[in-house]
Amino acid sequence: MVEPVLELTLIEKIYPGVKPLDRVSFDVVPGEVHALLGENGAGKSTLTNVIGGAIRPNGGTIKYQGREVEWRNPREARDAGIHVIHQELALFPELTVAENILVDHQPRGRLGLLSARERTRQAKTILKSLGISIDPSARIDELALADQQMVEIAKALVGEVKLLILDEPTAVISGKEVDLLFDRMRHLRSQGIGIVYISHRLEEIFDIADRVTVLKDGKLVGSAPVEELTRSRMINMMVGREITQIFPAKASANTEAAEGPVLRVRNLASGKRVRDVSLDVRAGEIVGLAGMVGSGRTEVADAIFGIAPIDHGSIELDGSRIAGHRPSVSIGRGIGYLTEDRKGSGLFLDMSVAANIFAPALSDVSKGMLVDNGREREMAEGQVKAFSVATPTVSTRVGALSGGNQQKILFSRWTRIADRLLILDEPTRGVDVGAKVEIYRIIRELAERGLAILMISSELPEVVGMSDRVVVMAHGEVTGEVAGDEITEDSIMHFAVAAPNRASDAEREAAA
Amino acid sequence: MTEVDNAAIRREGMSMAGMFEKYGLIVFLALLLIIAAVTSPAFLGPQNLVNVLTIAAPLGMVVIGQTFAILVRGLDLSVASLMATVAVLATAFKATDDSVIPLIFVAAIILSAMVGLLNGWLIAKRGVSPFLATLATMIILQGARFAYTGGAPISTLPPGMAWLASGRVFGIPVNLLALGILAVFAGVLLHRSRIGRQIYMVGTNPRAAFLNGTSPERITILCYVLSSVCAGIGGLFLLGYVGTVSNWVGQGYELDSIVAAVMGGVALSGGRGTIVGALLGVVVLVVISNLVLLLGFPIEMQEVIKGVIIIGAAAFYRQRLM
Amino acid sequence: PASAQDAGRKGYEGVPRTWLWNPNFNEMVDTAKWKKEGPYTIGFSNASISNAWRVAFQHGILWSAGQNSDQIERFLVTDANDDPAKQISDIQDLISQGVDLLLIAPATEEALDSVVGRAMRQGIPVVMVDRKVSSPENYITFVTASDTVVGRMEAQWMAEYLNGEGDIVMLPGIAGASPAEIRIKANKEVFSKYPGINVLEMQYTDWNPATGKATMAALIQKYGDKIDGVLADSALQGYGAIEAYLDAGYGKGEIPPMTGGDVARMYQLAHEYDVPMMGIDYPTSMGITGVETALDVLNGVPVPSRVEVNMQIVTSPDAETASVKADRYLLDHVSMDDPGDLSPSNGLPEGYNPATFDPEYPK
Amino acid sequence: MSAIVATMRRNRLLPNYMVVLLLLAIIIVAGTLISDRFLTVRNFSFLFQQMVVLGLVSLGQTFTILIGGIDLSIGALAGAITVFVASFLDWRPDLIWVAVPVAMMLGAGIGAINGTLSVFLRVHPLIVTLGMSSVIFGLTLMYRKQPGGSVPIVFEDIAYNNFMGIPITAYALVAAFAIAGVWLQRTGTGRMLYFVGGDEEAARLNGVPVRRVKILAYALAGFCTSLAALFLVAKTGVGDPRIGLPLTLQSITPVIVGGTILAGGRGGVFGTFLGVLLVSILNNLLNFAGVSSYWQWVVQGLIIIIAVGIYRSDRRGG
Ligand SMILES: Nc1ncnc2c1ncn2[C@@H]1O[C@H](COP(=O)(O)OP(=O)(O)OP(=O)(O)O)[C@@H](O)[C@H]1O
Ligand SMILES: Nc1ncnc2c1ncn2[C@@H]1O[C@H](COP(=O)(O)OP(=O)(O)OP(=O)(O)O)[C@@H](O)[C@H]1O
Ligand SMILES: [Mg+2]
Ligand SMILES: [Mg+2]
């Protein structure tokens, strides 16, 4: 048995009143992909932070390459060859892709001065080796989350790495990118590099992992080679109970019969990403919007909610266009929009759970101009119960909750006010299996209550498992639609990779 | 999940840092007051306390306004210049009977509101950085003021203006009463009303606020209007205290008001802070200046002590860095 | 002497005692080598117009420039907003515009010395007004009134009024500003002869009424009736001090003796509340004399190396002392309905009102 | 040049630069029309003599603003250093070679204290530096209230004399900005300022020594302030505790007009240079135009608004 590259023994981390890590032991051997699983808040990121020197443990020992070490800061860990891809992107939005990738290996040119040209060149080659095409001199904040994540991954390929840690890298990427990532990981593994991999997508675990370790509430549950485990066994270890069925039963087909569609989009063109999109969503129906990352799904959602412009075509709610289209109006018309960027455009991290829930509907908890705090607290507690959010009180800072619970709060916010249409962009991004199941149940219930639901997701199993109908996009155009039993990963992929239909361009020329 | 639950509850209760964030400045203020009382018997004299508060009142009003500006990730450098401009405006009526005082207030508030609109528009609609926008209005007001007064404002003021500083209602100094009313109004607006909630939303995460149907632009503009109006009112009360109009009434209030607010826990990164906290900051500031005077320190010592205490007070409050 | 041609002017107040009583001969400067054919371009660099005194001062200068528009072709004015660094730039900018003479009221004696010297060496005559620069060779003459005299008078009056016995507080202007420091020095020179005069405390007031008032309020709390006199070097903080007493509940006739001249409000309050006071204005009219002296220089007329303008001693009725006799009493000096910050010794035409005054002058 | 353009593109400053350059052009044209003496060698060499102090403090301020901080102690520090230099040289005029380096160390040292305090007390730099400015000012007053001291004439000449027809100050200013520019854009340490300003936590996770970088930025600000102070003494020939005070606010305007945002992580010294140029030439023009100081203020305010207001700057520009 090879000597482990990393060996943690009885690691403890204590924050005032909470113990994210409770005597956890964990090791990685060279040339293995070691998956780290657990619910939201189980302590996975905390563990990675300990390994990467971002936080210092209160107890236990870290053995790296046979020597006992004590990182004083991330720099020391990096210099020793440990590279961590953190759950929260560690990028500089104002700076270029190239500079972010080579952040601490900046190439020097004449007179030992940094050379932007050289930097760009090297970045290009790295990105190529990863198999993605992002402009090295583009600014990070111009990129979609997905592309930003790929940049973060590219950083791991710079300099000499002995231990690579990826904390939920696939939360914001899908399909093609994930395959590219896994190719890289296999390649690195073959070079004898140890890899720690964290994800809430179990199918990925079977795809890439050699060994699995499960944490629960900061304690070690168990560790085993992947081939000894079944899906249900893993889930059981994580959530501590059996979960027989992940997806709720779909609606009976008769929703088709219902009256006109709630949402009617025709030949929508918006921004530089959405070129020709037409789709309907009926009451009580869950429509999946599938496609490769970068296909423009989010921009479609943005346009429907009144954030992105409608350059061409029409959007109708209940048969009428939305006048003065902007979020406040959309909200007034009963549209809810759960965005893909939870922290950036969803939550007010510094504000209370209650405040977050009622942000778009203050009037519901107000008497005249004043907020009725008593009423707000009561109603908030009701919501928290209904969505079983794990929070001490409704006046807790949302920032202090784990990813899954934050997502549930967004759900309770939008489902309260959305009585016609609910748009979900990556509804289960970064959410653990247990929470996922609940969220799926909630979504289905909402649909059964007659809400029209448009669900963007990059997780094909999710799309397949939840959608009554699936609209597939590629390069900003709808390339196909599947319903009922035709909904399979293959049928969706078939359209997702389809060449864009040039005809629509001609149409737009004509229109313009 | 229940594990996390209890854990989190304990976290809430035990967070020492949290307690400190809440009560740090009060502790500091208590210490300061004790020191004051011990070192200078005159300090606790009722008249002296009234003096201290009388001087605190106009600054307090300005700080209340400043707090709104800072809450939406900005700051307002034009307050001092506006105070002087309002003071000059008060002379424009060339009136010597008190009947015009209400008129003066109305005029001052209107002018201030317009200045606030200009600041807000530049910042919210034109995306000018608050620092430069308000700096520019500060300079422009200054110029306009001088141009109007030809450098030397006439000081024909209704005698009643002095009452704003020295008068009492039910034994309470008028300016304190006014400050109290303003503070309550601001407090309710900020901590109880829908608009207040929206202000915090915009301060915490403008994009999310927008997606939740709030207009960051409108809220921002509102905050700068409030800032200016408070400054305007503060200007009139300071004028009452000074007695004569000069082009520099309120000089230095722009930085003092920011320091007071920040010492009081209003975060320059926006979205965090309360009216009460900001006012505590004011008290600390004025107590310092009064104390160094009572102790009869020479000017140079006063400067040093002030500096140290300002940093010390803020350190107690553990401000988050930008 | 420069003040001779004042003689005709209405409101003529006689030549300065400092000139008249000077035991030595007043030395004159030969200005022949600066003689030049008119009409002239004159540059005036003002330290600032940041308070009532400086405004009236500048008004006098502009008015005088207007009076002499037959000789003056362009009269360029800059204002450094009390920032010596900016004033250096201002002076350079005036030089760039090719002025025939520089009339300068420097923000500080020392900081402007070298740039002024360079102007002279470039052949541009410099006349200082209000304040000078450190090196006498850097200017031709200096039009002023004596801060030393002001300081001495105030202290002397206070000492005698208190019969050499009493606790007083001193409220000087801005720490480090030469007028303030000179006056403090002169005060102390006098008090050194009166062991009975005990200075309880000295606090700078920045010549700012609000500061003056707040400071005095604190001092009243600290010393109460122990204070027998308040020595303010100007009315700017002086009337603030009176108001502090009023706020502290002192009434008519209960306020201790005070000093401080320059703006009307102090005299008015002193009259209204029977405050025994002595005020000596640092006259803004020196600006007018400054322009006239400048023209003398360009005309090659000899000028004194130091041009003193006259100062009037103002006291409350029956507040005169053995060595400080009043030239006039409060109400001969100001009227109760003068604007509060009017500078009484402005030498400007009757009915001068700083707020409305807008003199014509060759721009 | 291409490097600069690249930088400008990278930092999204092009439109901003354009506006400032445009304003500069307009001002120069206006000046030329107003007076035939405006566009002269004499006036422009004066201009450079006038620019150097503002230029150097603004340069210093650029570093602190780049990391998302600010330094309000610049004015007091400048004054303090003029007092030190003038007093020292008054005592030993021959020891210029001692006075100058000590002054620089003094500046850098006090800057470092600013940084250290704000880093370790976790107090906002605005408060720390404001407090420090009060402390520095007080300490200076203890030593000397009135302007005083003196410097040897050769020292003064630095501020006023020309070398090959161009003011010495011009060389100094351009050199300082060039070095700073290259350092920021082309060295690892320089880039770190952008990392820290861009996102502190990200910088930490990427192994950037955040605290040290911050302290360095403030030390640099102090250092530049000391250089400015040296020119101030040279100009005025005396040490004056107050002479620097106006510089504190003045030093910020050119930085932001030049496109460096207060939130940090974006901008650079080239913009600051243009900002300084704009402010200085504007003052010069207004003096030439004989605009009364009242209206000078109004115009300055409007120019600021135009310079940053007519293009839509980044929301983070707070
Ligand atoms: N700085 C902190 N202060 C207090 N508690 C913290 C802090 N950081 C993390 N925690 C708590 O530690 C626990 C573990 O957090 P961690 O981020 O490691 O969970 P995780 O397994 O990464 O969850 P997820 O899958 O959502 O990323 C959570 O309960 C979290 O609230
Ligand atoms: N704000 C933006 N500025 C510039 N380009 C963007 C922006 N947002 C997204 N993009 C680009 O547009 C492409 C589509 O982004 P978008 O998020 O709409 O894809 P998507 O189909 O919604 O994928 P996802 O599943 O990540 O939401 C991205 O690949 C990115 O390159
Ligand atoms: Mg995590
Ligand atoms: Mg998307």
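The figures that follow rest on heavy atoms only: side chains count, while hydrogens, waters and symmetry mates do not. Note that this is a predicted model, so its numbers are computed, not measured. Lettering of chains follows the sequences in order, A, B, ..., and the numbering in each one begins at 1.
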Under a 4.5 Å heavy-atom cut-off, does chain C meet the side chain of [X], its backbone, both or neither?
| X | answer |
| --- | --- |
| B:F297 | backbone |
| B:L44 | neither |
| B:N48 | both |
| B:I55 | side chain |
| B:Q302 | side chain |

Between [X] and [Y], what is the shortest heavy-atom contact and its length?
| X | Y | answer |
| --- | --- | --- |
| C:D247 | B:Q47 | O-NE2, 4.1 Å |
| C:E243 | B:V242 | OE1-O, 3.1 Å |
| B:G296 | C:E201 | CA-OE2, 3.1 Å |

Counting a contact as any heavy-atom pair under 4.5 Å apart, which residues of residues 279-293 of chain B contact chain C?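 Only B:N290, B:L293 of residues 279-293 of chain B have a heavy atom under 4.5 Å from chain C.
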
Within a 6.0 Å radius of atom CD on C:E360, are there more than 12 heavy atoms belonging to other residues, nucleotides or ligands?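 Counting other residues, nucleotides and ligands, CD of C:E360 stays at 12 neighbours or fewer.
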
Which atoms of C:Y239 come close to chain B, meaning under 4.5 Å heavy atom to heavy atom: side chain ones, backbone ones, both, or neither?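 Side chain only.
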
For chain B, find its close neighbours in residues 204-220 of chain C: heavy-atom separation under 4.5 Å, sorted by number, or none.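 If one takes a 4.5 Å heavy-atom cut-off, the residues of residues 204-220 of chain C near chain B are C:Y204, C:P209, C:A210, C:K213, C:A214, C:T215, C:A217, C:A218.
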
